[in-house]
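Reviewing the structure listed below.
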Amino acid sequence: MGAGDVIELEGQLVIIDFKLFLVPEECSENYEQGDRVEISRPEIMFSIMDKILPLGGGRSSIFHRARISGVIESVLPIKVKATSMFVEERVGGFVCIDLEDDTLEKNKPRYDEFLRKNQGVKSDDWLDYL
């Protein structure tokens, strides 16, 4: 497995340190420290939040099962540029997430504002970051 290879992954999609990651389905409570794959373009999290119901609290507003296809950008640590993404909604099946460049460009300012607004916030509950 190397940079440029196409890959298909399944696991739990989560936000860790303001970035989007896929962790193994059978992840432990310490999922933030274990095996994980970073999804490039973290502004995708806003495309996801526009389509699915967030969790009621906890460290990540997104902790949903996902299927992702993409291209490996780097191996150590592993980072993937998603080309297709399906996220499981708690009340139904999988929802397709829009990964078109124009949609992500619209979400980039939302992500930048999110980062700016939450610098220095240290909490175990994502609701404190709103």
Side-chain angles (χ1 to χ4, degrees):
M1 179 168 59
D5 288 352
V6 175
I7 191 168
E8 292 189 14
L9 304 164
E10 276 192 55
Q12 296 292 121
L13 202 56
V14 298
I15 299 170
I16 303 170
D17 296 329
F18 306 116
K19 297 177 186 172
L20 198 56
F21 289 90
L22 194 70
V23 297
E25 192 109 16
E26 62 285 337
C27 63
S28 69
E29 274 189 46
N30 196 13
Y31 67 89
E32 294 174 329
Q33 304 301 318
D35 291 337
R36 60 189 185 182
V37 173
E38 183 177 349
I39 308 302
S40 65
R41 301 198 66 182
E43 60 271 19
I44 292 171
M45 69 178 68
F46 290 99
S47 295
I48 295 166
M49 290 188 278
D50 287 345
K51 292 272 196 163
I52 63 165
L53 296 172
L55 296 179
R59 291 185 179 159
S60 177
S61 61
I62 300 172
F63 204 111
H64 294 71
R65 200 164 144 234
R67 295 181 187 139
I68 299 172
S69 296
V71 177
I72 298 173
E73 289 185 333
S74 66
V75 178
L76 291 173
I78 189 163
K79 189 175 200 176
V80 171
K81 179 180 180 186
T83 55
S84 78
M85 181 181 292
F86 293 87
V87 178
E88 187 174 39
E89 179 58 87
R90 290 175 290 164
V91 295
F94 282 84
V95 176
C96 181
I97 304 302
D98 184 1
L99 300 177
E100 295 297 319
D101 285 335
D102 59 335
T103 301
L104 296 182
E105 285 303 315
K106 289 177 190 172
N107 285 331
K108 183 82 169 97
R110 287 173 73 185
Y111 180 73
D112 292 341
E113 174 66 14
F114 175 71
L115 287 178
R116 187 192 60 71
K117 184 174 137 188
N118 291 299
Q119 284 181 335
V121 176
K122 300 289 184 210
S123 177
D124 284 342
D125 192 337
W126 70 268
L127 292 168
D128 292 334
Y129 294 92
L130 295 179

Q. Are the side chain of Tyr111 and the backbone N or O of Ile44 linked by a donor-acceptor pair below 3.5 Å?
A.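 No, the answer is negative, given that no donor and acceptor are paired below the 3.5 Å cut-off.
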Say whether [X] and [Y] are linked into one hydrophobic cluster, either directly or through other cluster members, by side-chain heavy-atom distances under 4.5 angstrom.
| X | Y | answer |
| --- | --- | --- |
| Leu9 | Leu99 | yes |
| Ile72 | Leu22 | yes |
| Ile97 | Phe94 | no |
| Val71 | Ile68 | no |

Q. Partners of Arg110 by side chain to side chain donor-acceptor pair (under 3.5 Å), sequence neighbours excluded?
A.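 Asp50, Asn107.
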How close do [X] and [Y] get, counting heavy atoms only, and between which atoms?
| X | Y | answer |
| --- | --- | --- |
| Pro24 | Gln12 | O-CG, 4.2 Å |
| Ala82 | Ile39 | CB-CG2, 4.2 Å |
| Lys81 | Ser40 | CA-OG, 3.3 Å |
| Ile78 | Arg36 | CG2-O, 3.6 Å |
| Ile16 | Phe21 | O-CE1, 3.5 Å |
| Pro77 | Ser74 | O-OG, 2.9 Å |

Q.
Within the supplied structure, the quantity of interest is the number of heavy atoms (other residues, nucleotides, ligands) at a distance under 6.0 Å from Asp17 CG; does it exceed 12?
A.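 At most 12 heavy atoms, drawn from other residues, nucleotides or ligands, come within 6.0 Å of this atom.
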When rounded to the nearest 0.5 angstrom, what distance separates [atom1] in [X] from [atom2] in [Y]?
| X | Y | atom1 | atom2 | value |
| --- | --- | --- | --- | --- |
| Lys106 | Leu104 | NZ | CG | 10.5 Å |
| Glu105 | Arg41 | CD | CZ | 5.0 Å |
| Thr83 | Ile7 | OG1 | CD1 | 11.0 Å |
| Ile15 | Phe114 | CD1 | CZ | 6.0 Å |
| Arg67 | Ser84 | CZ | OG | 10.5 Å |
| Leu13 | Met85 | CG | CE | 5.5 Å |

Q) Ion pair present between Arg116 and Glu113, side-chain N to carboxylate O less than 4.0 angstrom? A)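 Yes, charged N to carboxylate O under 4.0 Å.
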Q.
Less than 4.0 angstrom from a charged side-chain N to a carboxylate O is my criterion; do Arg65 and Glu10 meet it?
A.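 Yes, Arg65 and Glu10 are salt-bridged.
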